[in-house]
Enquirer: 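Okay, here's the structure, questions in a sec.
Predicted model only: the values in this text are computed from it and were never measured. The basis for the numbers below is simple: all heavy atoms, side chains too, and nothing from hydrogens, waters or symmetry mates.
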Amino acid sequence: MTFPKQGAATAGRITEVTRRRLREGLCRLCGPVPAGRMEFLEPQHTFWSGALPETDFLARLYDLDELPSRDPRFTTAFQDIVQHRVANDDDEEDWVFHDSRFGLVDNDEALLRFLAEMLHPAVRTDPGEVERLHTFLNSVLVHDGYELVQVDAVSGAPIFDYHQIGSGVPGAMRNLIFAAVGPKPEIVLDDAVNNDLRIIRNQQNCLVYDRPLAAHGLTWTELTAWWSDRQGLAGRPQREVWRSLYQRLDQSLGDNNAERRVLRTYAERYGRLGPGIAALIPQVYLHYDPYTAGQRRAPGPLSRQRMDFLLLLPHRARVVIECDGKQHYADPDGRADPRRYAAMVADDRDLRLKGYEVYRFGGAELTDDHAAQHLLNAFFDRLDQRYHQ
């Protein structure tokens, strides 16, 4: 299963009114610019290609040698851009927004990726300029349901991508604590200002992924590389490292056969589709209550502390997979417990409002190995279709 893109821009969602506002607003921000002379611009000046020549900027997004020329004297887009923007300077400053070759006229995704690239640190490095431009772009895009959000950073400078408002989980991943076994880890705030956690006891009982989350989410490739460094397995065959990681993840499932079937079925997809697929992460802490149930005199404020499985996908999408046994809807004696079920439903609502997607499997669906494998593969195929635009 691959997740190259989530929440891809719906064609036609961005109106002509918005496109015109963007063009006119950028003209006001930019003012007249000598084409091909970006090296002479004042530092505070804003232009769509930033500090790069227009051809260099466009080459980050398009193959200019594959796109055709509009001028019959030339063969490629690169040649006619150089002729009309560098040699002669006889095109308008905002020519690219009207040029159908680049899709900015009628392709929402092309336009959004173009705007996000305008903010890239390779294009402009002045934080004030980036902030001013970012604020302007979002003030226009919001009317059609989009925003540009930070998804990564390089040398402290933000990298942006587009995001459909109302989808995905706001904010950046800070603490991924998962695959817990044995006694609960004891966690303190090592730096409350920066939200830095430190495990002071039972650290060996859980895993903590401590690397930045890339814009495309978290793949098996990245999780395996992290595991290799953590365990000192550098130089070992990737398949051997993967098996070691899989065994540790499987250990966290205890005697839960339903969850084990989910992990095993997904791992088989890794064998077929390769390590670039999204990592299926088991037993992820969602909330953390430092006290055990026995230490509390009353029920704790955080009912669901762990998610059975989590997928971290592109554009900050997070998919939760839960396997429901009797404990989700019945009391210890096996009698239906409406209050227990209501608490679970309330937790799901809260998660969805935060931007998570929640998918539940009843334990009875996963009892038969063959039927469960067919069911889960069909589910993961459809999930792949949902995020593969």
Enquirer: How long is the straight-line distance from CD of Glu259 back to CD1 of Ile321, given to the nearest 0.5 Å?
Expert: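 Answer rounded to 0.5 Å: 11.0 Å.
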Enquirer: Is the distance from the ring center of Phe379 to that of Tyr359 below 6.0 Å?
Expert: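 That pair passes the under 6.0 Å test.
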Enquirer: Hey, can you pull the donor-acceptor pairs under 3.5 Å for the side chains in residues 205-212, sequence neighbours left out?
Expert:
unit_1, atom_1, unit_2, atom_2, d
Asn205, ND2, Pro183, O, 3.1
Asp210, OD1, Trp226, NE1, 3.3
Arg211, NH2, Asp229, OD2, 2.4

Enquirer: Quick one: does NZ or CZ of Arg13 land under 6.0 Å from the six-membered ring centre of Tyr146, within 45 degrees of the ring axis?
Expert: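 Yes, Arg13 and Tyr146 form such a contact.
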Enquirer: Apply ring-ring contact (aromatic ring centres under 6.0 Å, His included) to residues Phe114 and Tyr162 and explain how you reach the verdict.
Expert: CA-CA 10 Å; Phe114 184 95; Tyr162 73 85; over 10 Å; no
Enquirer: Just wondering, more than 12 heavy atoms not from Arg60 lying within 6.0 Å of its CZ?
Expert: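 Result for CZ/Arg60: enclosed.
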Enquirer: Evaluate Thr219 against Glu222 for side chain to side chain donor-acceptor pair (under 3.5 Å), listing each step before the verdict.
Expert: CA-CA 5 Å; Thr219 66; Glu222 291 155 336; 3.2 Å; yes
Enquirer: At what distance, to the nearest 0.5 angstrom, does CD of Gln231 lie from CZ of Arg248?
Expert: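 Spacing of CD (Gln231) from CZ (Arg248) equals 9.0 Å.
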Enquirer: Is a side-chain donor or acceptor of Ser228 paired with a backbone partner of Thr224 at a separation under 3.5 angstrom?
Expert: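 Here the side-chain-to-backbone pair does not exist.
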Enquirer: Compare every heavy atom of Gly363 with every heavy atom of Thr367, then report the nearest pair and how far apart it is.
Expert: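 Residues Thr367 and Gly363, closest heavy atoms: CG2-O, 3.4 Å.
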Enquirer: Going by the angle between their ring planes, with limits at 30° and 60°, are His134 and Phe160 parallel, tilted or perpendicular?
Expert: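 Because their plane-to-plane angle lies in the 30° to 60° range, the rings of His134 and Phe160 count as tilted.
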Enquirer: With side chain to side chain contact (heavy atoms under 4.5 Å, CB included) as the criterion, how do Asn256 and Asp308 come out once you've worked through the C-alpha distance, each side chain's angles and the decisive distance to 0.1 Å?
Expert: CA-CA 11 Å; Asn256 192 313; Asp308 290 344; over 6 Å; no
Enquirer: Aromatic rings Tyr266 and Trp220: how do their planes relate, parallel, tilted or perpendicular, breaks at 30° and 60°?
Expert: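 The rings of Tyr266 and Trp220 sit tilted, inter-plane angle from 30° to 60°.
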Enquirer: Could you grab the distance from atom CG of Asp108 to atom OG1 of Thr15, nearest 0.5 Å is fine?
Expert: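 Between Asp108 CG and Thr15 OG1, I get 9.5 Å after rounding to 0.5 Å.
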Enquirer: Return the minimal non-hydrogen interatomic distance between Leu310 and Arg318, and the atom names on each side.
Expert: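 Between these two residues, the closest heavy atoms are CD1-CB, 4.0 Å.
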Enquirer: Rounded to the nearest 0.5 Å, what's the gap from CG on Leu286 to CD1 on Ile177? Could you check?
Expert: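 Nearest 0.5 Å value for the CG-CD1 distance: 11.5 Å.
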Enquirer: At their closest point, which heavy atom of Asp80 faces which heavy atom of Arg101, and how far apart are they?
Expert: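 It is OD2-NH1, 2.8 Å.
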Enquirer: Nearest 0.5 Å please: distance from the CG atom of Asp384 over to the CG atom of Asn377.
Expert: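 Here the rounded value is 11.5 Å.
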Enquirer: Do Leu375 and Leu383 land in one hydrophobic cluster if side-chain heavy atoms of ILVMFWY residues count as linked below 4.5 Å?
Expert: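 Cluster IDs for Leu375 and Leu383 match.
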Enquirer: What heavy-atom pair brings Leu104 and Leu111 nearest, and what distance separates the two atoms?
Expert: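 Distance-wise, the nearest heavy atoms are CD2-CA, 3.7 Å.
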Enquirer: Can you name the closest pair of heavy atoms from Glu322 and Arg306 and give their distance?
Expert: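 Residues Glu322 and Arg306, closest heavy atoms: OE2-O, 4.2 Å.
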Enquirer: How far does CG of Leu148 sit from CG of Asp161, to the nearest 0.5 angstrom?
Expert: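 Spacing of CG (Leu148) from CG (Asp161) equals 8.0 Å.
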